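Heads up, the thing below is written out as structure tokens.
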Amino acid sequence: MLRGLWGAAAGMITQQQRQEMLTNNLANVNTPGYKADQAAIRAFPNMLIAAMNTGNVPKGVAPVIGELTTGVYLQERMPNFRQGDLVETQNNTDVALLQGVMPTNEENGQPWALFYTVQNENGEVRYTRNGNFTVDGDGFLTTGDGFYVLGTDGNPLQVNNEWFNVDGDGMITDEAGAAIGQINVVVAEDPMQLVKEGNGLLRFEGDGELPTGVGNAAVNYQLQQGFIERSNVDAAQTMTDMMQAYRTFEANQQVLRAYDESLGKAVNEVGRIG
């Protein structure tokens, strides 16, 4: 009976974690470039149950009853790097990254993904799809949180003012047509090695190659100035999934309550003497 308690409790914890993930997705439905998280739910290994106190069975040979499930757990949260829709803003500092059909990673079957490179407050390189840029007081192109947008030379891009132009390859020119630099776009052949760390940034945590500049002829992309990439969260589907997670949580809660009532009867009624 106690094993059943553990299984129901594991199911409740799993659905609670999934609900938190879905709530975060829904909260970022209007965040430019946000990539929705997906949950990978796995079952614990099954237990083989054998009968006990069987008097006529030879010692050490207990008859097998069958397998018992031991519950589930949320193994990991994985971002979905699918392209989001582009929306025109007519804001000169907004630059959307539109990627074409991408090659697929041979090991895990995930398509490659493209990102901008930015520099965080500690001077470390991070990756983002949020092209809702701005120009700071020193004339540098930054993200909405003040992180420098990097050029192909690895240095922050100084555009001086908002009246710059960006072509499809990311080349930046000023009002007079003079070249300023090129926005660095990198390709991650295994985007599952990128981990979210807040503020729309991702960091590399893996044993493979770091995302590198696009030099592969199979990778095609285009930058669109005056547009932003919306999040790829499907609000209607997310709300449906949230209701499903809530119902599953409730079902496990009912099972847990039934076990609790059975234990109460065993203690207060079956075990009563006299």
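Keep in mind the model is a prediction, meaning the values are calculated, not measured.
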Of all heavy-atom pairs between [X] and [Y], which one has the smallest distance, and what is that distance?
| X | Y | answer |
| --- | --- | --- |
| Y259 | L5 | CB-CD2, 3.4 Å |
| N220 | L114 | O-CD1, 4.5 Å |
| P191 | A188 | CD-O, 3.6 Å |
| L223 | G170 | CD1-CA, 3.3 Å |
| L74 | A39 | CD1-CB, 3.9 Å |

Are side-chain heavy atoms of [X] and [Y] found at a separation under 4.5 Å?
| X | Y | result |
| --- | --- | --- |
| Q38 | P79 | no |
| L150 | N155 | no |
| P156 | V149 | no |
| M12 | L256 | yes |
| D190 | Q193 | yes |
| I180 | T173 | no |
| F164 | Q225 | yes |
| M242 | Q237 | no |

**Centroid-centroid distance, F115 to F81, less than 6.0 Å** =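 Centroid separation for F115 and F81: below 6.0 Å.
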Consider only side-chain heavy atoms of I, L, V, M, F, W and Y, link residues closer than 4.5 Å, and tell whether [X] and [Y] are in one cluster.
| X | Y | result |
| --- | --- | --- |
| V159 | V185 | yes |
| L157 | L97 | yes |
| F227 | V95 | no |

Side-chain donor/acceptor of [X] to backbone N/O of [Y], under 3.5 Å:
| X | Y | value |
| --- | --- | --- |
| Q224 | L98 | no |
| N232 | A36 | yes |
| D167 | D169 | yes |
| E229 | G84 | yes |
| K35 | S231 | no |

Please report the interatomic distance [atom1]([X]) to [atom2]([Y]), rounded to the nearest 0.5 Å.
| X | Y | atom1 | atom2 | value |
| --- | --- | --- | --- | --- |
| R129 | T31 | CZ | OG1 | 15.0 Å |
| T128 | Y116 | OG1 | OH | 9.0 Å |
| L26 | D234 | CG | CG | 10.5 Å |
| T248 | M243 | OG1 | CE | 10.5 Å |
| T134 | D136 | OG1 | CG | 8.0 Å |
| M102 | Q83 | CE | CD | 10.0 Å |

Whether over 12 other heavy atoms sit under 6.0 Å from E121 CD
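Yes, enclosed.
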Item to complete: Please name the residue in the list R247, Q253, Q254 that meets the side-chain hydrogen bond (donor to acceptor under 3.5 Å, both in side chains) test with E250.
Response: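 Testing E250 for a side-chain hydrogen bond (donor to acceptor under 3.5 Å, both in side chains) against R247, Q253, Q254 leaves exactly one candidate, R247.
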Exactly one of D241, I13, D37, T23 should register a side chain to side chain contact (heavy atoms under 4.5 Å, CB included) with R18. Which one does?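 Filter result, single survivor: D241.
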Testing L141, N184, D145, L201 one by one against V118 for a side chain to side chain contact (heavy atoms under 4.5 Å, CB included), which residue passes?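 Of the listed options, the one satisfying the test is L201.
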Would you check, one step at a time, whether the test salt bridge (Lys or Arg N to Asp or Glu O under 4.0 Å) holds for E205 with R203? CA-CA 6 Å; E205 281 192 3; R203 69 176 182 274; 2.6 Å; yes
Using a strict threshold of under 4.0 Å (side-chain N to carboxylate O), is an ion pair present between E124 and R126?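 Yes, charged N to carboxylate O under 4.0 Å.
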N160 vs Q158, test: side-chain contact (heavy atoms from CB on, under 4.5 Å). Steps then yes/no. CA-CA 6 Å; N160 300 320; Q158 189 168 20; 3.7 Å; yes
field: E175 and N161: CA distance, side-chain angles, deciding distance, side-chain contact (heavy atoms from CB on, under 4.5 Å) verdict
entry: CA-CA 10 Å; E175 294 176 273; N161 55 51; 3.9 Å; yes
Evaluation steps, side-chain contact (heavy atoms from CB on, under 4.5 Å), between T143 and Y148: CA-CA 7 Å; T143 67; Y148 291 124; over 6 Å; no
**Prompt:** Under the side-chain contact (heavy atoms from CB on, under 4.5 Å) criterion, do V29 and Y34 qualify, and how do the steps go?
**Reply:** CA-CA 8 Å; V29 70; Y34 179 81; over 6 Å; no
